[in-house]
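Residue numbers begin at 1 in each chain, while the letters A, B, ... track the order of the sequences.
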Amino acid sequence: MKLASWNVNSIRQRLAHVRDWLVAEQPDVLALQEIKCVTADFPAAEFEALGYHCAVEGQKAYNGVALLSRLPPAAITSGLDGFEDEQKRVLAATYDGVRVFDLYVPNGQSVGSDKYAYKLRWLGALRETLRGALDQHAKIAVVGDFNIAPEDRDVHDPDAWRDQVLCSDAERERLQALFALGFVDVFRRFEQAPGAFSWWDYRAAAFRRNHGLRIDLVLASPALAAQCTASGIDRAPRSLGQPSDHAPVWAEFA
DNA sequence: ATGGTGGCGCGGCCA
């Protein structure tokens, strides 16, 4: 099973890129974030024509997540347990016994802001949701835009980013709390070249200079991580015209 | 350089 995740920054603007990538890479599941449209406006028919099922949690203008899959989704849920939220950031479904969570973690804006406090609360609720899910499912994948660079090697200039949002200790501790549940950042299970990032700011020629962060992750529960055979980041779509600011990330499971 | 670019939707917010 090949699982992938891509923050597309508007599915309506990125439809051609996503369609081309699906045809080329044939993932079994592609989790999308920042679709930036209501569910009724999601171009489901375009993906169904390629043989993909769609589960969509849309929102006007901001956020929004969707799951595209070869198999039909089972047991679709949205949101975090016990966390009321207007913002559509979480969608989960089960495929062939694998529970897949698609996340668009809050950005947090800046350390100390109201949005940062919301991000930390949200990550606390995520931890509780995943702890509960582990009681129900052995094989869980948690994929998406985590808006946290796990370590300094995931940051092009760690000193410049020190204590900034996406890199602060409190955010990294919340991510470590997921690892403490047994989840594994499968990308790091494999040999990777340095400077492997998944997001580059649109400004200041950041992609050309590889001024990026690795903030898009595939986490796997212990039983699923044991089946992981490969993981990577596909930089190619980021170099196309009118790209998303994120690249797709993927992992394969036996 | 207190900037820069991009999306939504049409002024300002968000990333």
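Note on residues 130-143 of chain A: pairs passing salt bridge (Lys or Arg N to Asp or Glu O under 4.0 Å), not counting sequence neighbours, are E128(A)-R131(A). Applying the side-chain hydrogen bond (donor to acceptor under 3.5 Å, both in side chains) definition to pairs two or more places apart or across chains, those involving residues 38-53 of chain A are R19(A)-E46(A).
Under the rule for a ring pair (Phe, Tyr, Trp, His ring centres under 6.0 Å), the partners of W21(A) that lie at least two apart in sequence or sit in another chain are W6(A). Residues passing the side chain to side chain donor-acceptor pair (under 3.5 Å) test with E151(A), sequence neighbours excluded: R153(A). Residues forming a ring pair (Phe, Tyr, Trp, His ring centres under 6.0 Å) with Y95(A) (at least two apart in sequence, or on another chain): none.
Taking atom P on both nucleotides, dC13(B) is separated from dG3(B) by 15 Å, rounded to a whole Å. One C1' atom belongs to dC14(B), the other to dG9(B), and the distance between them is 13 Å to the nearest Å. Taking the P atom of each, dA1(B) and dG12(B) are spaced 29 Å apart, rounded to whole Å.
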Taking protein heavy atoms under 4.0 Å as touching, what does nucleotides 5-15 of chain B look like 5' to 3' if B marks base contact, S marks sugar-phosphate-only contact and - marks none? BSBSS---BSS

